[in-house]
Amino acid sequence: MHLQCLACLLVLVLVTRVSSLKITEEAQDPRKTRYKPPLSTSTYHLSLLARDEVRATAKLQVLVEDLSSALDVFKRYLSSWEELVAAGVETEGFASHPLHAYALTKHVSLGWPHVEASLRALSNRSRDVEFLSGRRKTRGVPTSEDLATVAGGLARLHDYYSLNLTALAHAHLVSAIDAHSVPAGISPTALDLHRIGSEAVSHNVLNSGVDFLRAALDRWDANASSARSSDAFDTRVDLDGVVKTFRKVTKIHDQILERKGPRSKLHSTHASPLNRTLARKRKYHKKEEVHLGNPGAETQGMKQYLRLCRGEDLRPIAMTSRLYCRYVTNGSPLYKIGPLRMEVLSLDPYVVTLEDVLAPSEAADLVHASAGYLTRSSTVRPNGSSMEDFKRTSST
């Protein structure tokens with residue numbers, strides 16, 4: 001499914017960085033340079049982050065258990081002490097009374113060994129505490145910028161594939177192009193949908209912004225419905241503020257659509273205005289024809305590009321009916337026993353795909369060897385220099 005092929009839009013961000021400021025042979029040779037792992041534009045490093053999170057949360061769970069146990073002991077010990085305080089343990093001559101002496105001795109002799117044991121248990125977790133407290137520097141932890149990049153990737157997926165947000169709210173990735181569902185183990189909350197919509201609007205992906213903000217309102221109630229534990233760390237959003245933002249964004253959406261059309265390199269909107277009166281205009285009901293090989297205006301070329309990205313084949317059946325698949329050896333004796341499977345995708349220009357060129361183990365070796373050199377994908381400026389762009393949320 002093409003949604004799965006575009007999963008690179010959802011990956012974690014890479015910030016390239018050489019470990020030493022000195023100009024050494026290692027810094028000069030890119031093959032020896034090791035970079036800080038990508039965080040929001042690399043699915044490979046996302047899997048490493050998940051693995052590291054398993055280890056970190058396991059340590060945190062043990063620490064919580066030890067702390068909980070120690071807290072119970074400390075509370076019981078202090079409660080015992082409060083009984084002595086109420087009896088006047090802080091007054092002069094308290095211990096001269098035999099009952100007081102017995103109570104004080106019992107309190108310390110029976111209670112303190114438990115306190116010591118709890119303190120030792122916590123002390124034994126010092127390495128875990130050091131690992132957890134230093135994780136941000138040594139292991140790499142996603143930042144708010146990484147979260148914004150992933151949210152932007154989801155907005156881009158919706159922009160290109162017209163995701164069904166009702167299904168998405170119930171943990172199913174379904175596009176308007178392909179009804180096949182890609183299920184997930186967790187669904188977005190109202191706050192998540194609001195974040196994604198806001199991120200889309202900030203990058204002028206107004207069609208996705210409007211749709212995600214509307215989806216957030218649909219899931220909202222007085223208690224921000226469908227809230228999860230992760231929302232406890234999120235910035236609280238007032239429902240009235242979300243409603244005002246949604247109304248403002250819909251107006252901006254229609255204004256930009258009226259002035260600039262539905263899509264350019266810098267923005268995207270729905271094909272028709274959200275305002276019903278504006279939507280009645282004749283220009284929003286014209287049907288454009290596809291002219292392959294002659295994209296015409298820039299907007300028509302973009303529309304063709306998007307439709308092709310979604311998996312549509314715009315070629316006439318007279319052209320696609322001539323395509324075929326076959327086994328090939330290319331004259332090599334190595335492929336006599338196991339020829340390669342070749343699929344002809346286009347005759348002019350001539351484009352084919354060859355399957356199973358690499359064994360799975362070879363592919364895994366290539367991934368492992370190259371993962372340390374992944375960098376954020378960039379675009380090229382007119383002067384030839386490179387720059388990061390919101391539209392390229394991948395690592396290469």
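Position 1 is the first residue of the sequence; numbering continues from there.
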Open item on the list: Please evaluate residues Met319 and Leu347 with respect to the criterion side-chain contact (heavy atoms from CB on, under 4.5 Å), reporting the C-alpha separation (whole Å), side-chain torsions for both, the decisive distance (0.1 Å), and the verdict.
Closed with: CA-CA 9 Å; Met319 186 180 296; Leu347 295 172; over 6 Å; no
Open item on the list: Can a donor-acceptor pair be found, under 3.5 Å and without considering hydrogens, that links the side chain of Ser69 to the backbone of Asp66?
Closed with: no
- [ ] Decide whether His170 and Ser187 meet the rule of one side-chain donor and one side-chain acceptor closer than 3.5 Å.
- [x] no
Task: Hphob cluster co-occupancy, Leu84 + Leu110, side-chain heavy atoms under 4.5 angstrom - done: no
Open item on the list: Has Asn164 got a side-chain atom pairing as donor or acceptor with Thr166's backbone, closer than 3.5 angstrom?
Closed with: yes
TODO: Report yes or no: do Ser264 and His267 form a side-chain donor-acceptor pair below 3.5 Å?
DONE: yes
- [ ] Give the cluster check for Val352 versus Val328: same hydrophobic cluster or not, with ILVMFWY residues linked at side-chain heavy-atom distances below 4.5 Å.
- [x] yes
- [ ] Using a 4.5 Å cut-off on heavy atoms from C-beta on, say whether the side chain of Lys248 contacts that of Lys244.
- [x] no
Task: Modelled atom types, side-chain donor and acceptor of Ser394 and Ser377, under 3.5 Å - done: yes
Open item on the list: Closer than 4.0 angstrom, basic N to acidic O: yes or no for Lys75 and Asp72?
Closed with: no
TODO: Would you check if there is a donor-acceptor pair between the side chains of Ser385 and Asn383 at a distance under 3.5 Å?
DONE: yes
Open item on the list: Using every non-hydrogen atom in the two residues, find where Tyr284 and Ala279 come nearest and quote the distance to one decimal.
Closed with: CB-O, 4.2 Å
Task: Rounded distance [0.5 Å steps], NZ in Lys281 versus NZ in Lys286 - done: 12.0 Å
Open item on the list: Tell me whether Arg136 contacts the main-chain N or O of Val141 through its side chain, where contact means a donor paired with an acceptor under 3.5 Å.
Closed with: no
Open item on the list: Quick one, Met342 and Thr353 - any side-chain contact, counting heavy atoms below 4.5 Å?
Closed with: no
Task: Nearest heavy-atom neighbours spanning Ile337 and Pro339 - done: O-CD, 3.4 Å
Open item on the list: Under a plain distance cut-off of 3.5 Å, with no hydrogens placed, do Glu82 and Tyr77 share a side-chain donor-acceptor pair?
Closed with: no
Task: Test item: Asn124 side-chain N/O and Arg120 main-chain N/O as donor-acceptor pair under 3.5 Å - done: yes
- [ ] Check step by step if side-chain contact (heavy atoms from CB on, under 4.5 Å) holds for Val89 and Trp81.
- [x] CA-CA 9 Å; Val89 68; Trp81 170 249; 3.6 Å; yes
Open item on the list: When you compare the side chain of Tyr373 with that of Thr396, does any pair of heavy atoms fall below 4.5 Å?
Closed with: no
- [ ] With the side chain counted from C-beta on, respond yes when Asn330 and Tyr335 share a heavy-atom pair under 4.5 Å apart, and no when they do not.
- [x] no
Task: Identified side-chain contact (heavy atoms from CB on, under 4.5 Å) partner of Arg247 from the options Val249, Thr245, Val243 - done: Val243
Open item on the list: With rounding to the nearest 0.5 angstrom, report the CG to CG distance, Leu257 to Leu278.
Closed with: 8.5 Å
TODO: Verify, without hydrogens or angle tests, whether Arg376 (side chain) and Arg392 (backbone) share a donor-acceptor contact under 3.5 angstrom.
DONE: yes
TODO: Give a yes-or-no answer on whether the side chains of Asp192 and Thr189 include a donor-acceptor pair shorter than 3.5 Å.
DONE: yes
Task: Distance in Å, Thr57 OG1 paired with Leu132 CG, rounded so as to fall on 0.5 Å steps - done: 9.5 Å
Open item on the list: Check whether Thr329 reaches the backbone of Ser332 with its side chain - one donor and one acceptor, N or O, closer than 3.5 Å.
Closed with: no
Open item on the list: When you measure from the centre of the six-membered ring of Phe131, is the NZ or CZ of Arg55 closer than 6.0 Å and no more than 45° off the axis?
Closed with: yes
Open item on the list: If we ignore hydrogens and angles and just use 3.5 Å, is the side chain of Ser202 paired with the main-chain N or O of Glu199 as donor and acceptor?
Closed with: yes
Open item on the list: Quick check for you: to the nearest 0.5 Å, what is the distance between Leu306 atom CG and Asp159 atom CG?
Closed with: 7.0 Å
Open item on the list: Would the distance check show the side chain of Thr91 and the main-chain N or O of Phe94 forming a donor-acceptor pair, the cut-off being under 3.5 Å?
Closed with: no
Open item on the list: Please tell me whether Val205 and Ile196 are part of a single hydrophobic cluster in this structure, the criterion being side-chain heavy atoms less than 4.5 Å apart.
Closed with: no
Open item on the list: Is it true that Thr149 and Asp146 share a donor-acceptor pair across their side chains at a distance under 3.5 Å?
Closed with: no
Open item on the list: Please check if the number of heavy atoms outside Leu358 that lie under 6.0 Å from its CG is greater than 12.
Closed with: yes
- [ ] Could you check Ser198 against Leu213 for side-chain contact (heavy atoms from CB on, under 4.5 Å), going step by step and ending with a plain yes or no?
- [x] CA-CA 7 Å; Ser198 300; Leu213 290 175; 4.2 Å; yes
Task: Residue pair Ser346 / Pro349: nearest heavy atoms and the distance that separates them - done: OG-O, 2.6 Å
TODO: Would you mind reporting whether Leu206 and Ser268 have side-chain heavy atoms less than 4.5 Å apart?
DONE: no
TODO: Would you check if Asp52 and Arg135 make a side-chain contact, meaning some heavy-atom pair closer than 4.5 Å?
DONE: yes
- [ ] Decide if atom CZ of Arg322 counts as having more than 12 heavy atoms of other residues, nucleotides or ligands within a radius under 6.0 Å.
- [x] no
Open item on the list: Please say yes or no: joined through hydrophobic side-chain contacts below 4.5 Å, possibly via intermediate residues, are Val201 and Leu274 part of one cluster?
Closed with: yes
Open item on the list: Checking the side chain of Ser80 only, and the main-chain atoms of Arg76 only, is there a donor and an acceptor separated by less than 3.5 Å?
Closed with: no
- [ ] For Ser378 and Met387, work out which heavy atoms get closest and say how close.
- [x] CB-O, 3.1 Å
Open item on the list: Using every non-hydrogen atom in the two residues, find where Leu323 and Leu345 come nearest and quote the distance to one decimal.
Closed with: CD1-O, 3.3 Å
Open item on the list: I want to check something: taking the side chain as every heavy atom from C-beta on, are Arg263 and Thr269 in contact at a cut-off of under 4.5 Å?
Closed with: no
Open item on the list: Testing the basics here: between Pro273 and Asp254, what is the closest heavy-atom pair and its distance to 0.1 Å?
Closed with: CA-OD1, 3.4 Å
Open item on the list: Less than 6.0 angstrom separating the ring centers of Phe212 and His194, yes or no?
Closed with: no
Task: Backbone N/O of Ala359 and side chain of Glu362: donor-acceptor pair under 3.5 Å - done: yes
Open item on the list: Grouping I, L, V, M, F, W and Y whenever their side-chain heavy atoms are under 4.5 Å apart, do Phe390 and Leu147 come out in a common cluster?
Closed with: no
Task: Side-chain donor-acceptor contact under 3.5 Å, His158 with Asp211 - done: yes
Open item on the list: I'd like to know whether CZ of Arg276 has more than 12 heavy-atom contacts from other residues, nucleotides or ligands below 6.0 angstrom.
Closed with: no
TODO: Look up atom CG in Asn275 and atom CZ in Arg280, then write down how far apart they are to the nearest 0.5 Å.
DONE: 8.5 Å
Open item on the list: Please determine whether the number of non-hydrogen atoms from other residues, nucleotides or ligands lying under 6.0 Å from atom CD of Glu130 exceeds 12.
Closed with: no
TODO: Report the C-alpha separation of Tyr305 and Arg307 in whole Å, then their side-chain angles, then the decisive distance to 0.1 Å, and conclude whether the side-chain contact (heavy atoms from CB on, under 4.5 Å) test is met.
DONE: CA-CA 6 Å; Tyr305 163 73; Arg307 291 175 65 181; over 6 Å; no
TODO: Nearest 0.5 Å please: distance from the OG atom of Ser208 over to the OH atom of Tyr160.
DONE: 10.5 Å
Open item on the list: Just checking Glu355: does its CD atom have more than 12 heavy atoms from other residues, nucleotides or ligands closer to it than 6.0 angstrom?
Closed with: yes
